[in-house]
Structures are given as C-alpha cells and as structure tokens.
There are 2 protein chains.
Amino acid sequence: MTSADLPSLLLVEDDAVLGPLIAELLDPDYRVQLVTNGRDGLHQGLTGSWDVMVVDRGLPAMDGIALITALRSKGIATPILILTALGDADEKVRGLDAGANDYVTKPFDAGELAARLRALTRTFTPPAPAPVAIGDWELDPTQRSVRSVYGQTVSLTAKEGQLLAALAAEPDRVFTRDELLAACFHASEQPGVIDTYVHHLRRKISKAVIRTVHGLGYQIGEAHE
Amino acid sequence: MTSADLPSLLLVEDDAVLGPLIAELLDPDYRVQLVTNGRDGLHQGLTGSWDVMVVDRGLPAMDGIALITALRSKGIATPILILTALGDADEKVRGLDAGANDYVTKPFDAGELAARLRALTRTFTPPAPAPVAIGDWELDPTQRSVRSVYGQTVSLTAKEGQLLAALAAEPDRVFTRDELLAACFHASEQPGVIDTYVHHLRRKISKAVIRTVHGLGYQIGEAHE
DNA sequence: CCAGCCCGTTAAGAAACGCTTAAGAAAGTG
DNA sequence: CACTTTCTTAAGCGTTTCTTAACGGGCTGG
C-alpha cells in the first residue's frame, strides 16, 4: 500500500463489457486501472506500483499466463488473481504454477472475489509488533518515536517514521530515492524530499544510523569498511 | 520452509476416511501431520512451526473459523487453506475474512489442491543477482562493494564497480582498453582512464587481482599457458 | 643491453552528487 | 478562523567522483 488511501489494483481484461463492469464492482475498494490487452498489462505491471492484479486468461497481444510468467521473471512479486472462464483443473494448475496466487472462474460471485482480493492484499501484522532495532535505537511500532538504548526518546513525524521504517525493513540493503519515494510518499514528489528527511532523521537520531551510498541511495546498517 | 527437506503441512480434518486419504495424497510433497479436532489444531498451530495448514470447516471441539481466528490473533501468519464441503459464497467470504488465504470446496481436484498449496508456500524471491567471485573476493551484485572471503568489505565507486564487473564477466579473457572503455564508459574518454581505475582497484583490493598483459590490456584470472 | 614504447602513479580541474538551510504550502488543531 | 506543526520545494555550498594529463619507472625487441 503506497499511502493511506485505497489499494491500487491493475485489471487486465479484454472483454469490452465485463472489463468496465468488474472495474466498477471493485471501484469502492480499490483504485482500479483497467487495461485491455496483455502488452499494456505487462507495461503497467512493470512500471507501476500495484497492490494486487486481476488478469484474464485469454488476452489479445499477450496471453494471461505469458503475462504472469513475464512479470514474475522480472521480479514482480505483486499478488495476482486469475479471473477467467477456463475452469478445468488443468487450467487452474497451469495458471497457479505460472505464478498466480489465486484462480477464480467466471461466472464468479462478487462477494467471493472481493474476499479473495482482501485475502491477497491483507498485510498480516502480528498483534504485538516487536520494536525494530536500528543500531543503538529502537523504532516504536507506531512509527512515531524512537528510543535510544539509554532511555532517551525522540518523537518523529509521520514521514520521518515511515522513511526510517522502510530503511529498517531491510538492513544492509541500499534503497534508491525512487524506491523510498514509492514506499513512503505518493511518488509524485521530488526525489530531493528524501534528502531533507534523511537530514531530519540524522539530526534527531545519531548521524551514523543512515549511510549514504553515493550515486545510489541510502542504507541502514553495515558500514562498509 | 523450515529445512532443506519437504515443507511441513498441518492437516486438520475430522473425517476418519477423508483425513488419512488427503494426508496420503499430500504425502509425496509435504511432511504431513494430521490432527482430527480444532483444539489439537490450535495447539499444533501455536507450538509447531508449519509451512502451510489445511483445515476443515466443521470440526469437533473447535470450529475451523474459530481455529483460524485464534491462530491469527496470536500472531501466527502461516498460510491457511480451508478445505470443506460448505461451498456457499457467503461461507467462503467468512472463511477468507477470518484469515484464511484460500478456500477449496469438496469434492476437490487433487491437482488443483496441490497447485494452490504450491502457490501458498511459494516463497517468491526476486531473481537474486549472484555475487561474482573474483579470486579471494566477491563482487556484490549492486556492483558497489566487494567482500573478501574474510569479512572485510570495501566500497567501490560506480566506475570502479563497472570496470571490475566487466573484467570479472569473462575471467581469463584479456580485455583491451578500448573494449573496457566501451563497456564501462561513454567511449568518449581517453583510454588512459582505464589505467587510473585499475590503479584505484588494485589499491582498494589486492594488487594481484587484475593482471596486466603488456601491449594488450587487462585480465582477471590466470595467465595463458 | 639500450632505445623506445607502455604502464603505474600522482595531482588537479571539472562535473556530478549530496547536505544544509530557509521559506512557502498544506494539513492538523484548538 | 487563527495558530501550530508538518510537508515540499528550491537554491547555495561542500564533498565525492570522474577525467585528463604529466612524469618517471618498467617491459620488450632488436
């Protein structure tokens, strides 16, 4: 989920009637983008940032299975639900093994589809999330404050907390500004925002926590050398 | 996956005939543990470490929905598939919203069940760029750092990384300066740049890594003959 | 062994990049 | 509605990285 608003959903459906219908059906709960062929689906899937995708099986320009295979091979891990008229068990096996996470056959029940999509997008948060350790600091799960190992507590703003949480999620990994932008902001801001917030964090916490990797981005953890 | 061998599967099914049958069906692909009531399912689910669970809907001692709700509230995030005779859309919605990840109705197709379980246990790992081995060193796929076999890590600049990657791509091959220029730079620079960067690399890493072939260029690896 | 080319090393200017600051816009609050 | 806090942009300045060039030592072939 890129922000506090609705999750984004990419719908790939060539049927001129069914496509808009499904889009309308999902509209209250998702920001739906409808594309009507596999090639557009691939392009959107690769370039956009989606919380979940619904793809038809038979598509012009690029088959649904081929689309999913292509996306997965490019490292796209977004949950994908296949929605199609082809209901043979063999077809289901093929679709799921290609990398889909769920398979629903037409005609489908609207409530069931919605529930399956909820199941796919559900981000499971354990009831008592352990505070995230960042060097000598501890990020509170509410993402609004950090405590040093020696009692001192610093409160963060929402963006500061999100940025720090994103970096802390994968220590040692280097995040580009664009990645961080997609994770914490609406992706419409200037990449320079990140610099500003990194500066804020470094001033509030110790300078050493967030490392700069020149030309790439930022990183938490392992100082190289 | 808890170990290198088969994934573990907890099957909660009270039917004395169907339970062992399903267990046998899944046996080739999973380490299956069968329990026949909800209370045992809860206990196993909480204490054991499972890669996936298959639970029946109607269970003695504790309903399947209640079981899932209880597990989720305790922070158990294991993928759960409901396998049941109750096939109403409403039932499916209830089961999925309780925290199940998939819902299959009896009678079920063995191949489909297996595929859906594969989809649930599939751990999607984005194509992990394998580190490139260079003598006693390992080039990080981000191409921005190298680690020696004994822990020491050295960070590289962008050009240093590109140059090292180009040389390491074909060990033992001798690259001319022009080839390296075309591979790492805009081909508009002086060939002498290469010398400078080779020097930087030799200073950061050990001198022996990059060999000079007089009159030709540079090389990683063994000398010819 | 020597002349001549090739390579290693260093330094310094140029360019790209990141840090810091400030100020206006937007959002939240009483 | 006024006030405060937070968000976002932009610009100046310092740092890192890139590229060139020059000098001195080393390699090769006759």
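Within every chain, numbering begins at 1; the chains are lettered A, B, ... in the order of the sequence lines, protein sequences first and strands thereafter. What you are looking at is a predicted structure, and each value in this text was computed from that prediction instead of being measured.
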Visitor: Taking all non-hydrogen atoms of both residues into account, name the closest pair between L86(A) and R57(A) and its distance.
Guide: CD1-CG, 3.4 Å

Visitor: Return the value, rounded to whole Å, for the distance between atom CD of Q190(B) and atom P of dC6(C).
Guide: 15 Å

Visitor: Could you report the tightest heavy-atom contact between H43(A) and T47(A), atom names first, then the distance?
Guide: O-OG1, 2.7 Å

Visitor: With respect to the side chain of E189(A), which nucleotide from dG8(C), dC7(D), dT8(D) is positioned closest?
Guide: dT8(D)

Visitor: Under 6.0 Å from the CZ atom of R122(B), do we count more than 12 heavy atoms belonging to anything else shown?
Guide: yes

Visitor: Starting from C1' on dC7(D), measure out to CG on L163(A) and report it in whole angstrom.
Guide: 13 Å

Visitor: Which nucleotide in the list dT20(C), dC7(D), dG8(C) gets nearest to the side chain of K207(A)?
Guide: dT20(C)

Visitor: Between dG18(C) atom C1' and Q219(A) atom CD, what is the distance in whole Å?
Guide: 16 Å

Visitor: Let me know the distance between CG of L201(A) and C1' of dT20(C), rounded to the nearest Å.
Guide: 15 Å

Visitor: What's the shortest heavy-atom distance between T69(A) and A98(A), and which atoms?
Guide: OG1-CB, 4.0 Å

Visitor: Would you kindly give the CD-to-C1' distance between E160(B) and dT17(D), to the nearest whole Å?
Guide: 9 Å

Visitor: Is the shortest side-chain N/O distance from K159(A) to OP1 or OP2 of dA26(C) below 4.0 Å?
Guide: no

Visitor: Could you work out which one of dT8(D), dT9(D), dC7(C) sits closest to the side chain of R177(B)?
Guide: dC7(C)

Visitor: To the nearest angstrom, how far is L216(A) atom CG from dT16(D) atom P?
Guide: 16 Å

Visitor: Whether R203(A) contacts dT20(C) is assessed here as follows: a side-chain N or O lying under 4.0 Å from the phosphate OP1 or OP2. Is that the case?
Guide: no

Visitor: How about E189(B): does its CD atom have over 12 heavy atoms from other parts shown lying under 6.0 Å from it?
Guide: yes

Visitor: Starting at CZ of F185(A) and ending at C1' of dA26(C), how long is that distance when rounded to a whole Å?
Guide: 15 Å

Visitor: Please list, by residue number, the residues of residues 192-200 of chain B whose heavy atoms come closer than 4.0 Å to an atom of DNA chain D; answer none if no residue qualifies.
Guide: V193(B), T196(B), Y197(B)

Visitor: Is the distance from OP1 or OP2 of dG8(C) to the nearest side-chain N or O of Y218(B) less than 4.0 Å?
Guide: yes

Visitor: Between R202(A) and T212(A), is a side chain to side chain donor-acceptor pair (under 3.5 Å) present by the stated rule, with each step listed?
Guide: CA-CA 11 Å; R202(A) 296 215 253 232; T212(A) 303; 3.0 Å; yes

Visitor: Could you check how far CG of L156(A) sits from C1' of dT6(D), rounded to whole Å?
Guide: 13 Å

Visitor: Are L180(A) and Y197(A) side-chain neighbours, meaning at least one heavy-atom pair lies under 4.5 Å?
Guide: no

Visitor: With the side chain of T157(A) defined as its heavy atoms from C-beta on, choose the nearest nucleotide among dT17(D), dT9(D), dC7(D).
Guide: dC7(D)

